[in-house]
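Counting starts at 1 for both ligands and their atoms, in listed order. We number each residue from 1, following the sequence as shown.
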Amino acid sequence: MAPSQPIAPTKNSKLLAWVKEIETLCQPDQICWIDGSEAEKRRLEKRGIARGQMIPLDPEKLPGCFYSRSNRSDVARTENLTFICTRKKEDAGPTNNWMDPREAYAKSEEVLKGAMKGHTMYIVPFSMGPVGSPFSKIGVEITDSIYVVLNMRIMARIGRKVLDLLGDDGDFTKCLHSKAECDISHRMILHFPEDNAIVSTGSAYGGNALLGKKCLALRIGSWHARQENWLAEHMLILGIEKDGQTRYVTAAFPSACGKTNLAMLIPPEGLKHKGYKIWTVGDDIAWLRVGADGRLWAVNPEAGFFGVAPGTNSRTNPNAIKTIQKNTIFTNVLLGDDLTVWWEDGEGAPPASGTTWDGKPWKPGFSDENGKPLLGAHPNSRFTAPAGQCPTISPKWEDPQGVPISAIIFGGRRERVAPLVFETFDWDHGVYVGATVASERTAAAEGKVGEVRRDPMAMLPFCGYNMADYFAHWLQMGARIPKPPKIFHVNWFRKDEKGKFLWPGYGENLRVLEWILSRCEGDGKAAKTPIGFVPTKDALDTTGLSLPAGAMEKLLEVRAEDWASELDGHKAFFEKFGPRLSQRMWKQYEALKDRLKTAVAA
Ligand code: SAT
Ligand code: MN
């Protein structure tokens, strides 16, 4: 069937030429330029429902909400099929999969040839960051997935206003996506930083298919950031207001380590008397630039939250629960027969009966073939919700200038070794600590859950170039920020000998943030250790918190023996980068080694 030819709502010649090229390659039945209107949204929803891709949920209980189920093999990012396609292999570096761009284009064309026959090709102009902000970047996603369009509508600013801003000769990131049956044998997530282009096939999962998110805002974004002297980071942004003054921090944790929970934190009972107010600016990605005042300023490039559902409830994250009551897309959770949704460790009583994420009949108490409780929701099931619906959304979340950052926090999920919190000695040491973050693997990516891996700055799967150059860029940024934020490391996940978490986490984390901010002001009690400044036993305000005897000591303990083996891990990781790794990083390594030696001797 000949494609229908709607009049293109743009005169941008680069865009028109690219659309023509992709139309010829993918051979869609129709082309649809997305304008971002409400009427269009309703049309798309209707179409999604008719094709069985979207199930409308109970309009009374969950107005404007939809359910979607993906292929069983398409439930997380597939890092082994994600490639950085620079002309030179060294530019992708040892931590990325690399493919020659010629091979990558050829391989994807093989899959894309005629891939949209019988489908509509949607053209989604989008802005990462507030439309027109000096921080923002424009992308255009071509996709054959209604699910992707409806998710992008929540996660980014899309449509007419972006095309208008793009104008006749504006530049943009080419983001091409095709479901290609969501078949793993067709799957590849290809980044061409030198061409400002992304091609993704064979998946409809968030991080693989919503190309504004990890692909543009982090992988391609980090490449631009290095060239343009800013930082594109896997960080939440949070404002902490007290006595009429709001200070902002960013925090980088690997996927599914609680960024969304921390970004929406509720002050714990014991600190209520201090009158804290928490403001959510972003839960996953931060773009940071040096401001005219010499401070570092951050913008959240996204417009929505793509959060992990299991474990989200009124105790762990009441603000998230409030955020997802309307206009939300739920993917791979349990679908109740009453058209509600539920997930393990979720909210309220489960429905009387329903269907699991992978299509099995489900009732409370059902077990699987191994006799274990039958999971209703996939561990990486997600909600997609507009950020503006969050009760604690910051009044500044769409400020085109962003918010000024007082502290940068790195963290991982570690049962042992890393104390609850420590402050680094200076910028270079902070970069070293960020670069050596390790974490136990979670369900957000395919692979063995629990395995420890180095995840520098929580960017291991998201850095769009050689990480040695990325560390060098971080080091150089230090000299560009006249009033740099202090850098900290936290670990909410330390366990005792019996395997029990030592720290209650969630809202109680404000006690740690409070210490961090006091250190930024030059207060806060701390002891100097080989790894950095660690709070003294009485430094955190524990009013109303009853930790078991000795827990605080264990949480803050820095054992030189543990760190000595940790150090071997740092060395092995750094050696991967060969001579490309900055000597300033090795200098930090040697200094830490010396401090540990002195501590052991003492
Ligand atoms: O990669 S996603 O954006 O789908 C989720 C995550 O890993 O943070
Ligand atoms: Mn993430």
Side-chain angles (χ1 to χ4, degrees), residues 68 70-71 73-82 126 128 139 141 145 147-148 151-152 154-156 175 177 182 187 189 191 198 200 202-222 232-238 250-264 280-287 300-312 320 329-333 377-385 387 409-413 437 439-447 449 453 455-464:
S68 171
S70 72
N71 280 8
S73 67
D74 191 24
V75 291
R77 279 179 292 101
T78 12
E79 290 176 9
N80 59 322
L81 299 173
T82 300
F126 64 93
M128 297 312 288
E141 178 156 355
S145 161
Y147 172 82
V148 165
N151 273 272
M152 282 296 285
I154 298 173
M155 296 306 295
C175 305
H177 169 254
C182 296
R187 193 168 304 161
I189 298 96
H191 304 74
I198 301 159
S200 165
S203 169
Y205 171 73
N208 292 337
L210 311 178
L211 300 186
K213 195 174 176 56
K214 306 298 184 175
C215 300
L216 192 162
L218 290 177
R219 297 196 192 96
I220 297 290
S222 62
E233 299 300 325
H234 192 204
M235 291 175 172
L236 67 92
I237 312 166
L238 153 86
T250 62
F253 307 129
S255 302
C257 283
K259 285 202 300 298
T260 306
N261 293 342
L262 187 64
M264 298 181 188
T280 308
V281 181
D283 80 327
D284 196 39
I285 300 176
W287 282 356
N300 169 15
E302 301 192 278
F305 305 122
F306 185 66
V308 180
T312 306
I329 299 171
F330 296 93
T331 306
N332 289 339
V333 298
H378 185 274
N380 193 39
S381 53
R382 298 269 170 167
F383 53 77
T384 320
I409 303 168
F410 292 117
R413 184 183 274 272
V437 164
S439 193
E440 289 139 22
R441 196 191 275 272
T442 65
E446 308 261 320
V449 171
R453 64 171 182 177
D455 191 350
M457 281 88 171
M459 282 287 279
L460 182 74
F462 306 122
C463 184

Could you tell me which atoms of ligand 1, counted from 1 in the order shown, lie closer than 4.0 angstrom to a heavy atom of R382?
5 (C), 6 (C)

Out of all atoms in ligand 1, which are within 4.0 Å of some heavy atom of G206? Include the element for each.
4 (O)

Quick note on ligand 1: atoms under 4.0 Å from a heavy atom of K213 include exactly 3 (O)

Considering only N, O or S atoms of D284, the one closest to the Mn ion (ligand 2)
OD1

Only heavy atoms of S255, strictly under 4.0 Å: list the atoms of ligand 1 that pass.
6 (C), 7 (O), 8 (O)

The test is salt bridge (charged side-chain N to carboxylate O under 4.0 Å, His left out); show your working for R187 and E79 and say whether it passes.
CA-CA 11 Å; R187 193 168 304 161; E79 290 176 9; over 6 Å; no

Nearest to atom 1 (O) of ligand 1, what protein heavy atom do you find, and at what distance?
R77 NE, 2.5 Å

Measure from NZ or CZ of K214 to the centre of the six-membered ring of F462, then state whether that distance is under 6.0 Å and the direction lies within 45° of the axis.
yes

closest protein heavy atom to atom 8 (O) of ligand 1 is K214 NZ, 2.9 Å

T78 (side chain) donor-acceptor with N80 (main chain) under 3.5 angstrom
no

Those atoms of ligand 1 less than 4.0 Å from some heavy atom in Y205
2 (S), 4 (O), 5 (C)

Give the atom name of whichever N/O/S atom in H234 sits closest to the Mn ion (ligand 2).
NE2

Within the distance-only criterion (no hydrogens, no angle test), does the side chain of N151 pair as donor or acceptor with the backbone N or O of Y147 below 3.5 angstrom?
yes

Could you tell me whether a side-chain N or O of N71 sits under 3.5 Å from a main-chain N or O of S73, the two making a donor and an acceptor?
no

Distance check below 2.8 Å: does K214 bring an N, O or S atom to the Mn ion (ligand 2)?
yes

